[in-house]
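Below you'll find the structure, written out as C-alpha cells, and then a few comments.
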Amino acid sequence: MLDFNVRLIAWQRAQGRHDLPWQVTDPYRVWLSEIMLQQTQVDTVIPYYQRFLARFPDIASLAEATQDEVMALWSGLGYYARGRNLHAAARQIIDRHGGVFPREIEAIIALPGIGRSTASAIAVFAFGQRYAILDGNVKRVLCRCFGIDGWPGEAAVEQRLWSQAEALLPVDDVVAYTQGLMDLGATLCRRSRPDCPACPFAGDCLAQRQGRQAELPAARARKALPEKTTRMLILLHAGAVLLEKRPASGIWGGLWSLPEGDPADDVLALARRLGVTAGSGTDLAMLTHAFSHYRLRIFPSVLPVEKLGPRAEAPGRVWLSLADALGAALPTPVRKILLGLPEPGTPAES
DNA sequence: AAAGCGGGGAC
DNA sequence: GTCCCAGCTTT
C-alpha cells in the first residue's frame, strides 16, 4: 500500500480525535498522558490526568512532592510502578537536565518508565521529531492491515512490526500520522467488532479481505491462573483504621493496604501479632481480585480494637479515619472494602 | 471468565 | 536477549 500514510493523515484530519486534553505540545503533559495511557484506556485516564495536572501542574511541583502524595493520585489506576517511575523521572529531570524535559531521544528513553514507543510518542507530539511508535493500537492496525501472523509479544513478530512501522513513517506531518494510527486503532480498528466499512484501508487491509479480523493480531498462549488467598483485617479503634505501607516493589508497591494474614489462622491471633487486642468481629463477603498472573481471593474481617499494645504504632503503620484512609494511596480492592463498611455511628445491618 | 495493554528488572 | 512481573477495564 504505497499511500498508507497519505490516507491515514487525510483520515486523521477528517475523522480523528482532536479534543483530547493532552493534545498540546507541553512535554510534561505529553509525557504524563503517555505514561497514564500505558495499559490504560483513554476514558479511564482522563479524570486521573485532570486531577494529577491540577495538583502537579509542572515537572518542578511533581519533583518536590512526596511519593505518598504522588501515589495517592495514582491510586486506582493500577501498574503503580508507573507512578513511582514518573516521580523518579521528574527528580532526574530537575537534577540532570536543569528542570527542562530533554529533547534528544536517547535522553528521553533513559528516563525511568519510558521505553522505545513512549519515547517516540513524546518526541513526536512534544518536539515534532520523526520517530515510529508501536503501542497496542498500532500493533493491531499493522497486524491486520498487512496480515502479520503470530503473537505481537513474541520478539520476532515485534521486530517485524517495528520494521513495518518505520517503513510506513512519512517525512512530513508525523504528528497527524502518529495520532491517526492511535485514533484508528482506538475508534475503528477495535479488538472486537471493528468498523471496517468506515476504514480508510477498506479493500486493501489483508485481514478484512480474508475475513481474519478476529484472528489478527494472534492472541498469546494462556495458562490457567494460579489462585492465592489472604485475610485482610479492618482493625477499628476510635473511628480509625490501621493501614500498613507495602514494600516499595512487588504487588501494590508503595501503597497503603490493610494488614494481611493466612485465612486459616484465627483472626484474633492475627490481631495480637500486630500488637492489638481485638474483640470478636465480623467476616465480610469474600472478594476476588484478578491480577494478570494470579487470582487473589480476599477474606476481609472487621475487628473492634479493645487495647493498643506498644507495637500498634510503628514506622510504616498509620491509624486513619475512614475519610482520610480513602484519600490515601490504596489498592482498588482495599478501597472497595473500606467503601463497603457501614458508616461510623450507624448500626450494622442485621 | 478472559483478553488486552509497555516497560522494568532479574536472570 | 528472554522471561517474569504488574492491576485495572472491557467484553
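Here is how names work: the chains are called A, B, and so on, in the same order as the sequence lines, proteins then strands, and each is numbered from 1. Note that these values count all heavy atoms, side chains included, but never hydrogens, waters or copies made by symmetry.
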Whether over 12 other heavy atoms sit under 6.0 Å from A:R209 CZ | no

Rounding to a whole Å, what distance do you find between A:I251:CD1 and C:dG7:P?
-> 6 Å

C:dT9 and B:dG8, which share atom name P, separated by this distance in whole Å | 23 Å

Quick one: is B:dG6 close enough that its OP1 or OP2 comes under 4.0 Å of any side-chain N or O from A:S117?
-> no

Gap between atoms CH2 and C1', on A:W162 and B:dG6 respectively (whole Å) | 10 Å

Salt bridge (charged side-chain N to carboxylate O under 4.0 Å, His left out) pairs, two or more places apart, involving residues 32-52 of chain A = none

Using only side-chain N and O atoms of A:Y80, determine if any of them is under 4.0 Å from OP1 or OP2 of C:dC8.
-> yes

A:H289 side chain near C:dC8 phosphate (N/O to OP1/OP2, under 4.0 Å) | yes

Output side-chain donor-acceptor pairs under 3.5 Å for residues 119-130 of chain A, partner residues at least two apart or in another chain, one line each.
| unit_1 | atom_1 | unit_2 | atom_2 | d |
| --- | --- | --- | --- | --- |
| A:S120 | OG | A:R116 | O | 2.9 |
| A:S120 | OG | A:A132 | O | 3.1 |
| A:Q129 | NE2 | A:R103 | O | 2.8 |
| A:R130 | NE | A:P170 | O | 2.7 |
| A:R130 | NH2 | A:L169 | O | 3.1 |

Under the salt bridge (Lys or Arg N to Asp or Glu O under 4.0 Å) test, which residues partner A:E154, sequence neighbours left out?
-> none

Could you name each residue pair satisfying salt bridge (charged side-chain N to carboxylate O under 4.0 Å, His left out) that touches residues 303-330 of chain A, not counting sequence neighbours?
-> A:E244-A:R317

Whole-Å distance between B:dA3 P and A:R193 CZ?
-> 18 Å

Atom pair distance, as rounded to whole Å: CG in A:L111 and P in B:dG7 = 13 Å

Any pair with a residue in residues 177-221 of chain A that passes ring-ring contact (aromatic ring centres under 6.0 Å, His included), sequence neighbours left out, goes on the list, sorted by first then second residue, please.
-> A:F4-A:F201

For DNA chain B, the residues among residues 118-150 of chain A that have a non-hydrogen atom under 4.0 Å from it | A:T118, A:D135, A:G136, A:R140

Between OH of A:Y79 and C1' of B:dG4 the distance, given in whole Å, is 9 Å

Check for a donor-acceptor pair, side chain of A:R144 on one end and backbone N or O of A:A207 on the other, with a separation under 3.5 Å.
-> no

Closest to the A:A155 side chain, choosing from B:dA3, C:dT2, C:dC8 = C:dT2

A:R335 CZ to C:dC8 P: how many Å, rounded?
-> 10 Å

Any side chain to side chain donor-acceptor pair (under 3.5 Å) involving residues 272-284 of chain A? Give me the pairs, sequence neighbours left out, ordered by first then second residue.
-> A:D283-A:S301

Rounded distance in Å between the C1' positions of B:dG7 and C:dT10 = 22 Å

Numerically ordered, the residues 26-55 of chain A set in heavy-atom contact under 4.0 Å with DNA chain C is A:Q39, A:Q41, A:T44

Given DNA chain C, 5'-ward residue of the pair A:L77 and A:R191, judged by closest heavy atom = A:L77

side-chain hydrogen bond (donor to acceptor under 3.5 Å, both in side chains) against A:Q12, all qualifying residues, sequence neighbours excluded | A:D183

Atom CZ of A:R96: over 12 foreign heavy atoms under 6.0 Å | no

Mind calculating the distance between CE (A:M182) and P (B:dG4) to the nearest angstrom?
-> 19 Å

Would you kindly give the CZ-to-P distance between A:R295 and B:dA1, to the nearest whole Å?
-> 6 Å

If you restrict it to nitrogen or oxygen atoms, what contacts under 3.5 Å exist between nucleotides 9-11 of chain B and the protein, and what is each distance?
none

Got a list of side-chain donor-acceptor pairs under 3.5 Å for residues 59-82 of chain A, not counting sequence neighbours?
| unit_1 | atom_1 | unit_2 | atom_2 | d |
| --- | --- | --- | --- | --- |
| A:S61 | OG | A:D58 | N | 3.2 |
| A:S61 | OG | A:D58 | O | 2.9 |
| A:S61 | OG | A:D58 | OD1 | 2.9 |
| A:T66 | OG1 | A:E69 | N | 3.1 |
| A:T66 | OG1 | A:E69 | OE1 | 3.3 |
| A:D68 | OD1 | A:K245 | NZ | 2.6 |
| A:D68 | OD1 | A:W256 | NE1 | 3.3 |
| A:D68 | OD2 | A:W256 | NE1 | 3.4 |
| A:E69 | OE1 | A:T66 | N | 2.8 |
| A:E69 | OE2 | A:R55 | NH2 | 2.8 |
| A:W74 | NE1 | A:G78 | O | 3.2 |
| A:S75 | OG | A:L330 | N | 3.2 |
| A:S75 | OG | A:L330 | O | 2.7 |
| A:S75 | OG | A:R335 | NH2 | 2.7 |
| A:Y80 | OH | A:G76 | N | 3.1 |
| A:R82 | NE | A:Y79 | O | 3.4 |
| A:R82 | NH1 | A:I35 | O | 3.2 |
| A:R82 | NH1 | A:M36 | O | 2.9 |
| A:R82 | NH1 | A:Q38 | O | 2.4 |
| A:R82 | NH1 | A:T40 | OG1 | 3.1 |
| A:R82 | NH2 | A:T40 | OG1 | 3.2 |
| A:R82 | NH2 | A:L77 | O | 3.2 |
| A:R82 | NH2 | A:G78 | O | 3.0 |

Using side chain to side chain contact (heavy atoms under 4.5 Å, CB included) as the criterion, list what pairs up with A:A198, not counting sequence neighbours.
-> A:L188, A:D195

